Q: 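Next up is a structure, given as structure tokens.
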Amino acid sequence: MKKKTKSFPLPLSSVMGRSSFEKQVRSDTGWPGNAPVAGTDMMKNRVQATDVTASFVPPKMPRHKLPVSRSLQSMVERLALAGIRDKVVLAAIGQVPRHLFVDPGLSGQAYADVALPIGAHQTISKPSTVAKMMEALRMGQDAPLMQKILEIGTGCGYQAAILAKIAKEVYSVERIKSLHELARRNLRSLRIANLRLHYGDGMLGLPQVAPFDGIIIAAAGLEIPDALFDQLSVGGRLIAPVGGEQQTLQLVRRVAKNKWERMVVDDCHFVPLKQGTI
Ligand code: SAH
């Protein structure tokens with residue numbers, strides 16, 4: 001294994017500010033895989049707690065422990081290479097550190113294009129799936145920001161955090177209490193002001209906040225719930241996996257008060273959409 005100073009063209013301290021430098025050191029000592037985002041509470045606490053410069057030993061830099069900004073950036077580059085073209089979507093994904101949403105034991109895989117378990121038999125979606133759904137949701141929109149989006153299936157909160165970068169208001173509903181609470185914890189340090197989490201059955205939508213110009217369902221039902229068709233504004237779009245064993249990703253557009261158009265975007269595989277709360 002090469003020493004840090006040899007694996008970079010320049011010493012880290014010459015290309016990063018002091019705080020980034022400290023962050024780098026901690027990523028090799030404290031965090032399993034990646035450093036937290038600059039400016040988070042966790043970050044501040046840890047920097048205050050240890051004089052990292054005093055105990056600095058040039059860290060080894062295995063590939064799976066690249067600094068988070070580089071892991072995230074290369075994940076975004078891979079998404080672009082895989083065909084995601086919407087720059088607003090790519091930029092939004094590039095602002096949300098995925099490792100904050102997975103179990104520390106799995107953070108070495110946080111920037112791979114894989115779904116990972118988040119507890120309660122549910123998974124965090126693959127980044128390419130998140131990207132594809134958001135691209136479909138935004139397609140044809142001139143404005144960079146959508147107005148109001150509803151997400152069904154908060155899970156760990158990862159997709160909700162990205163949605164908050166592409167819309168003025170985001171509402172996300174989760175039916176499993178422990179995951180609703182997990183998402184709250186995961187999202188706390190990111191301080192996202194335009195995201196509201198709800199515990200409830202998303203098959204009912206959120207009539208008190210409707211209509212939405214975007215609805216994104218993160219779990220597959222045999223059909224798209226009627227309530228969600230109704231809560232779409234005219235001109236709005238809904239993207240959802242539909243099916244059981246065999247599923248397709250479907251895009252619905254409400255083209256008039258009483259007219260919806262539907263098209264199949266791709267094959268897909270999602271956890272099931274279920275009724276009620278637990
Ligand atoms: N959005 C998540 C993916 C979570 S997996 C991400 O960022 O990766 C899908 C989630 O949908 C699960 O947490 C599951 O509990 C939830 N779900 C399934 N049926 C639901 C329903 N009727 N209402 C709300 N959430 C539901």
Side-chain angles (χ1 to χ4, degrees), residues 72 75 79 89 92-103 106-107 109-137 149-167 170-187 190 192 195-210 212 214-229 231 238-244 247 249 268-278:
L72 186 52
M75 182 180 94
L79 291 172
V89 170
I93 291 176
Q95 289 174 62
V96 179
R98 192 168 182 252
H99 74 274
L100 295 181
F101 296 86
V102 302
D103 188 271
L106 297 170
S107 65
Q109 295 173 70
Y111 294 95
D113 193 25
V114 287
L116 295 168
I118 55 173
H121 307 291
Q122 307 301 317
T123 55
I124 180 174
S125 302
K126 281 164 77 163
S128 58
T129 303
V130 171
K132 208 183 295 174
M133 289 177 92
M134 283 190 194
E135 200 168 50
L137 203 63
I149 293 182
L150 172 65
E151 179 192 42
I152 310 302
T154 317
C156 60
Y158 174 64
Q159 181 170 264
I162 300 172
L163 287 169
K165 307 277 180 200
I166 68 158
V170 177
Y171 297 82
S172 181
V173 187
E174 173 56 55
R175 70 180 283 274
I176 301 179
K177 188 74 178 260
S178 62
L179 292 180
H180 167 72
E181 284 164 357
L182 173 72
R184 268 206 194 296
R185 287 197 299 278
N186 288 343
L187 290 161
L190 296 176
I192 303 174
L195 170 61
R196 297 273 176 280
L197 302 184
H198 290 257
Y199 168 59
D201 181 355
M203 289 174 82
L204 307 172
L206 274 185
Q208 65 274 36
V209 197
F212 301 93
I215 299 181
I216 188 161
I217 310 183
L222 294 178
E223 253 310 329
I224 297 169
D226 283 344
L228 300 182
F229 281 101
Q231 291 175 28
L238 177 154
I239 182 105
V242 180
Q247 300 172 8
L249 196 55
C268 61
H269 184 72
F270 279 75
V271 294
L273 185 70
K274 292 190 174 169
Q275 255 180 341
T277 55
I278 53 172

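Residues take their numbers from the sequence shown, with the count starting at 1. Worth saying up front: this structure is predicted, and the values here are computed from it rather than measured. Just so you know, ligand 1 is whichever comes first in the structure, and atom 1 is the first atom listed for that ligand.
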Q: Measuring from non-hydrogen atoms of Ala115 to any atom of ligand 1, is the shortest distance under 4.0 Å?
A: no

Q: Of Met133, His121, Lys274, His180, which has the heavy atom at the shortest distance from atom 22 (N) of ligand 1?
A: Lys274

Q: Heavy-atom contacts with Ile176 under 4.0 Å: which atoms of ligand 1 show up? List them by number with element.
A: 15 (O)

Q: Does any N or O in the side chain of Arg175 come within less than 3.5 Å of the main-chain N or O of Gly276, such that one atom is a donor and the other an acceptor?
A: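 Flag set: sc Arg175 to bb Gly276 pair under 3.5 Å.
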
Q: With heavy-atom distances below 4.0 Å as the criterion, list the atoms of ligand 1 near Leu179.
A: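 Contacts of ligand 1 toward Leu179, numbered from 1: 13 (O).
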
Q: What closest approach, in Å, do Gln275 and Met203 show between heavy atoms, and which atom pair accounts for it?
A: CG-SD, 3.5 Å

Q: Is it true that Glu151 lies under 4.0 Å from ligand 1, counting heavy atoms only?
A: yes

Q: If you count the atoms of ligand 1 from 1 in the order shown, which ones are under 4.0 Å from a heavy atom of Thr123?
A: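 Contacts of ligand 1 toward Thr123, numbered from 1: 3 (C), 4 (C), 5 (S).
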
Q: In the protein, which heavy atom is nearest to atom 14 (C) of ligand 1, and how far is it?
A: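 I find the closest protein heavy atom is Gln122 OE1, 3.4 Å.
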
Q: Over 60° means perpendicular and under 30° means parallel, so tell me whether Phe212 and Tyr171 are parallel, tilted or perpendicular.
A: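 Rings of Phe212 and Tyr171: perpendicular, over 60°.
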
Q: With heavy atoms of Leu273 as the reference, note each atom of ligand 1 found under 4.0 Å away.
A: 18 (C), 19 (N), 20 (C), 21 (C), 22 (N)

Q: Give yes if a backbone or side-chain nitrogen or oxygen of Gly153 is under 3.5 Å from a nitrogen or oxygen of ligand 1, and no if not.
A: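 Yes, at least one N or O pair falls under 3.5 Å.
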
Q: For ligand 1, which atoms, with element, lie under 4.0 Å from some heavy atom of Tyr158?
A: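 Ligand 1 atoms under the 4.0 Å threshold to Tyr158: 7 (O).
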
Q: Tell me, yes or no, whether the heavy-atom count around His269 atom NE2, taken from other residues, nucleotides or ligands under 6.0 Å, exceeds 12.
A: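 12 or below, so no.
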
Q: Check each atom of ligand 1 against the heavy atoms of Val271 and keep those under 4.0 Å away; list them by number with element.
A: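 So the atoms of ligand 1 that pass are 5 (S), 9 (C).
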
Q: Find all atoms of ligand 1 within a distance of less than 4.0 Å from any non-hydrogen atom belonging to Ile124, and give their numbers and elements.
A: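 Those qualifying, in numeric order: 8 (O).
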
Q: Could you tell me whether the side chain of Leu195 reaches within less than 4.5 Å of the side chain of Leu190, counting heavy atoms only?
A: no

Q: Quick one: does NZ or CZ of Arg98 land under 6.0 Å from the six-membered ring centre of Tyr158, within 45 degrees of the ring axis?
A: yes

Q: Between Ser125 and ligand 1, does any nitrogen or oxygen pair lie at a separation below 3.5 Å?
A: yes

Q: At a 4.0 Å threshold, what atoms of ligand 1 neighbour a non-hydrogen atom of Ile152?
A: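 Here the atoms of ligand 1 in question are 23 (N), 24 (C).
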
Q: Please list all pairs passing the salt bridge (charged side-chain N to carboxylate O under 4.0 Å, His left out) test where one or both residues lie in residues 268-278, with sequence neighbours left out.
A: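 Sorted result for residues 268-278: empty, none.
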
Q: Side chain or backbone, does Gly202 bring an N or O within less than 3.5 Å of an N or O on ligand 1?
A: yes

